[in-house]
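Below: the structure, in structure tokens.
On a predicted model such as this, the values are computed, not experimentally measured, just so you know. For the numbers below, each heavy atom of this structure counts, side chains included, while hydrogens, waters and symmetry mates do not.
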Amino acid sequence: MRLLIVLLLYVLTPKVGLSQNTKNFNVECASLSNQGAILITISKNRANANYPSNRAIKDAITVVLKTGLPGSSKCVKQLPLLKSSDELSNFNTLSQEFYSSNGDWSKFGRIVERRDNVLVEGSAKKKREYVISVLKEDLRKYLIEQEIINPLTK
């Protein structure tokens with residue numbers, strides 16, 4: 001009975017965390033700007049993992065597009081730009097070109113800071129972490145131009 005109560009409390013408690021743990025990386029909203037940019041802190045889940053800067057930028061853009069960011073003391077919750085399955089499907093048709101080496105992804109993200117040797121929580125191991133600026137408003141306009149999403153007003 002006690003286990004059932006604990007399990008119910010866990011399931012029903014809102015998840016208000018500072019970071020979102022995805023399959024391969026941790027991501028956290030560092031700040032928002034009035035110009036439509038989001039600063040995102042991102043790192044690999046594994047310590048001592050090689051995490052190239054281009055991969056980190058692509059991961060940060062993917063988070064803004066597909067999963068959004070949880071709220072924190074520094075940021076309000078950010079919903080993903082691609083909200084419906086149709087929008088995701090439309091984006092998937094051009095995602096290979098978008099994320100290619102000469103793709104448009106590079107217009108929407110840049111490294112602000114690289115931190116090496118950041119301690120992994122609960123461990124003596126270290127990892128690389130990036131602070132990345134993603135131009136969310138410009139990315140939204142791009143998706144409208146590519147007819148992936150609809151404008152807010154028609």
Side-chain angles (χ1 to χ4, degrees), residues 10-118 120-121 126-154:
Y10 175 76
V11 170
L12 298 176
T13 304
K15 305 293 186 264
V16 181
L18 296 178
S19 69
Q20 176 176 325
N21 189 346
T22 66
K23 185 171 76 171
N24 296 318
F25 52 86
N26 293 320
V27 64
E28 170 183 338
C29 183
S31 72
L32 301 172
S33 80
N34 292 336
Q35 290 78 31
I38 302 174
L39 283 182
I40 297 173
T41 304
I42 193 165
S43 63
K44 278 280 196 192
N45 282 342
R46 295 177 309 155
N48 302 326
N50 183 20
Y51 198 26
S53 59
N54 283 352
R55 180 77 256 159
I57 294 170
K58 290 176 183 180
D59 288 344
I61 291 170
T62 300
V63 165
V64 170
L65 286 170
K66 296 182 177 182
T67 60
L69 291 159
S72 71
S73 60
K74 301 172 188 172
C75 301
V76 296
K77 180 178 180 177
Q78 298 293 305
L79 296 175
L81 289 174
L82 304 172
K83 295 179 181 85
S84 72
S85 59
D86 288 340
E87 291 172 348
L88 281 166
S89 168
N90 290 342
F91 179 75
N92 286 338
T93 60
L94 75 90
S95 66
Q96 189 171 5
E97 181 183 326
F98 180 81
Y99 287 118
S100 70
S101 59
N102 294 325
D104 290 334
W105 65 271
S106 61
K107 298 175 187 176
F108 305 109
R110 68 177 178 84
I111 302 287
V112 174
E113 182 181 357
R114 176 179 143 176
R115 303 173 187 153
D116 288 329
N117 299 322
V118 176
V120 176
E121 277 185 45
K126 298 179 180 184
K127 63 182 176 180
R128 177 175 293 160
E129 184 175 85
Y130 294 98
V131 177
I132 297 172
S133 175
V134 176
L135 301 173
K136 182 179 179 182
E137 189 57 28
D138 292 350
L139 186 55
R140 185 185 66 75
K141 289 176 185 174
Y142 171 83
L143 293 172
I144 291 170
E145 289 170 4
Q146 299 297 315
E147 298 180 351
I148 305 294
I149 63 173
N150 293 321
L152 296 175
T153 58
K154 287 189 175 181

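Across all their heavy atoms, Ala37 and Ser133 have their closest contact at CB-OG, 3.9 Å. Taking all atoms of both residues into account, the shortest heavy-atom contact from Ile132 to Ile42 is CD1-CG2, 3.6 Å. The minimum heavy-atom distance between Ala60 and Ile40, with the atom names listed, is O-CD1, 4.0 Å. For the residue pair Gln35 and Glu137, the shortest heavy atom distance occurs at O-CB, 4.4 Å. Residues Cys29 and Pro70 approach most closely at CB-O, 4.5 Å, considering heavy atoms.
In the displayed structure, Gln146 atom CD is contacted under 6.0 Å by more than 12 heavy atoms of other residues, nucleotides or ligands. A 6.0 Å sphere centred on NZ of Lys77 holds no more than 12 heavy atoms belonging to other residues, nucleotides or ligands. For Asp116, the CG atom counts as densely surrounded, since its 6.0 Å shell holds more than 12 non-hydrogen atoms of other residues, nucleotides or ligands.
Tyr142 and Phe98 have tilted rings, their planes meeting at an angle from 30° to 60° on a 0 to 90° scale.
To the nearest 0.5 angstrom, Phe25 atom CZ is 4.0 Å from Asp59 atom CG. For the atom pair Ser106 OG and Ile61 CD1, the distance stands at 8.0 Å (nearest 0.5 Å). Rounded to the nearest 0.5 Å, atoms CG (Asp104) and CD (Glu145) are 10.0 Å apart. Of the inter-residue distances, the one linking Thr93 atom OG1 with Ile148 atom CD1 reads 5.0 Å to the nearest 0.5 angstrom. Rounding to the nearest 0.5 Å gives a distance of 11.5 Å between CG of Leu32 and NZ of Lys74. In this structure, CD in Glu147 is found 11.5 Å from CG in Leu94, a value given to the nearest 0.5 Å.
In this structure the side chain of Ile149 reaches within 4.5 angstrom of the side chain of Arg140, judged on heavy atoms. Residues Leu69 and Lys136 fail the side-chain proximity criterion, which asks for heavy atoms closer than 4.5 Å. Leu65 is listed as a side-chain neighbour of Leu143, based on a closest heavy-atom distance under 4.5 Å. No side-chain heavy atom of Asp138 sits under 4.5 Å from any side-chain heavy atom of Lys107. Using a 4.5 Å heavy-atom cutoff, the side chains of Val64 and Gln78 are not in contact.
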Residues Leu81, Phe91; criterion side chain to side chain contact (heavy atoms under 4.5 Å, CB included); working and verdict | CA-CA 11 Å; Leu81 289 174; Phe91 179 75; over 6 Å; no
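Under the rule for a side chain to side chain contact (heavy atoms under 4.5 Å, CB included), the partners of Asp86 that lie at least two apart in sequence or sit in another chain are Ser84.
Tyr130 pairs in a side chain to side chain contact (heavy atoms under 4.5 Å, CB included) with only one of the listed residues (Arg55, Arg115, Arg114, Lys44), which is Arg114.
In this structure, the side chain of Thr62 engages the main chain of Lys58 through a donor-acceptor pair within 3.5 Å.
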